[in-house]
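Take this structure first; my questions come after.
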Amino acid sequence: MSRHVRRICLLLGVIYGVGTSPALAADADHGADLAKRWCASCHVVANGQTQASADVPSFASVARRPDFSPERLAFFLLDPHPKMPNFPLSRSEAGDIAAYISSLR
């Protein structure tokens, strides 16, 4: 009997761990602060911002994309890519920025 209970507990732990998204625990307010500090020179990151590069999307338009996913965006932010500066973001910071952008939907 105890072997079956252990297996059930292990299975529930795996299911819980896989189903729990790091973006759900992210702090959108901290993401907003980071975005205003690091991203606002190129992107419109908040309502009322008057200056940004014309050829980059606003955060609100990124959030409204049909294929938008906070998890995918967080991983994108962690991977160096040529069109954006290489900011040394932690996983937590990338998740926070993604959560902030998601809040703009």
Side-chain angles (χ1 to χ4, degrees):
M1 174 75 175
S2 68
R3 181 191 300 171
H4 294 294
V5 171
R6 253 185 281 153
R7 285 184 181 173
I8 290 171
C9 288
L10 179 63
L11 178 62
L12 290 174
V14 168
I15 290 170
Y16 176 76
V18 169
T20 303
S21 166
L24 294 178
D27 182 351
D29 290 333
H30 183 239
D33 292 340
L34 292 172
K36 289 172 187 169
R37 185 173 353 136
W38 291 341
C39 309
S41 61
C42 296
H43 295 272
V44 172
V45 301
N47 290 336
Q49 182 180 338
T50 58
Q51 198 170 358
S53 295
D55 59 340
V56 298
S58 70
F59 277 15
S61 69
V62 170
R64 288 190 301 264
R65 289 182 179 169
D67 63 341
F68 176 80
S69 160
E71 294 83 10
R72 195 173 6 180
L73 178 61
F75 283 114
F76 173 78
L77 293 172
L78 290 172
D79 189 28
H81 34 283
K83 291 188 176 186
M84 287 180 45
N86 187 18
F87 291 115
L89 294 173
S90 69
R91 285 179 177 222
S92 176
E93 290 169 331
D96 292 349
I97 292 171
Y100 170 65
I101 294 173
S102 183
S103 75
L104 300 174
R105 294 190 102 176

Worksheet, complete the sentence: dist D29:CG -> L34:CG (nearest 0.5 Å) comes out at 11.0 Å
Worksheet item: For A98 and P70, which heavy atoms make the closest approach, and how far apart are they?
Response: CB-O, 3.3 Å
Discussion item. Would the distance check show the side chain of S53 and the main-chain N or O of V56 forming a donor-acceptor pair, the cut-off being under 3.5 Å?
Written reply: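 Answer holds: no.
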Item to complete: Say whether V62 and F87 are linked into one hydrophobic cluster, either directly or through other cluster members, by side-chain heavy-atom distances under 4.5 angstrom.
Response: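 Yes, one cluster joins them.
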Worksheet item: Hey, what do you get for CG (N47) to CG (L104), rounding to the nearest 0.5 Å?
Response: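 If I round to the nearest 0.5 Å, the distance is 7.5 Å.
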Worksheet, complete the sentence: Taken in chain and number order and not counting sequence neighbours, the residues that satisfy side-chain contact (heavy atoms from CB on, under 4.5 Å) with T50 are none
Worksheet item: Are L78 and I101 connected in the hydrophobic side-chain network, where two residues link if heavy atoms are under 4.5 Å apart?
Response: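 Result: yes, single cluster for both.
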Discussion item. Are R65 and P57 packed together at the side-chain level, in the sense that at least one heavy-atom pair is separated by less than 4.5 angstrom?
Written reply: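 Yes, side chains in contact.
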Worksheet item: Is the shortest heavy-atom distance from the side chain of D67 to the side chain of R72 under 4.5 Å?
Response: yes
Worksheet item: Going from CG on L89 to CG on D79, what distance comes out if it is rounded to the nearest 0.5 angstrom?
Response: 12.0 Å
Discussion item. Within the 4.5 Å heavy-atom criterion, are H30 and E93 side-chain neighbours or not?
Written reply: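 Contact flag for H30/E93 side chains = yes.
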Item to complete: Over all heavy atoms of both residues, which pair between C42 and A52 is shortest? Give the atoms and the distance, please.
Response: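 Minimum heavy-atom separation between C42 and A52: O-CB, 3.4 Å.
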Discussion item. Minimum heavy-atom separation for A26 and A99, please, with both atom names.
Written reply: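 It is CB-CB, 3.6 Å.
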Discussion item. List the residues meeting side-chain contact (heavy atoms from CB on, under 4.5 Å) with A35, not counting sequence neighbours, and say none if there are none.
Written reply: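 For A35, the residues satisfying side-chain contact (heavy atoms from CB on, under 4.5 Å) (neighbours in sequence not counted) are C39, V45, F59, Y100.
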Discussion item. Within the 4.5 Å heavy-atom criterion, are L77 and M84 side-chain neighbours or not?
Written reply: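 Answer yes - side chains close enough.
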Item to complete: Using atom types as modelled and distance alone, determine if a side-chain donor or acceptor of D27 lies under 3.5 Å from a backbone N or O of D96.
Response: no
Item to complete: Take atom CZ of R91 as the centre, draw a 6.0 Å sphere, and report whether it contains more than 12 heavy atoms from other residues, nucleotides or ligands.
Response: no
Worksheet item: To the nearest 0.5 Å, what is the distance between CD1 (I97) and CG (D33)?
Response: 10.5 Å
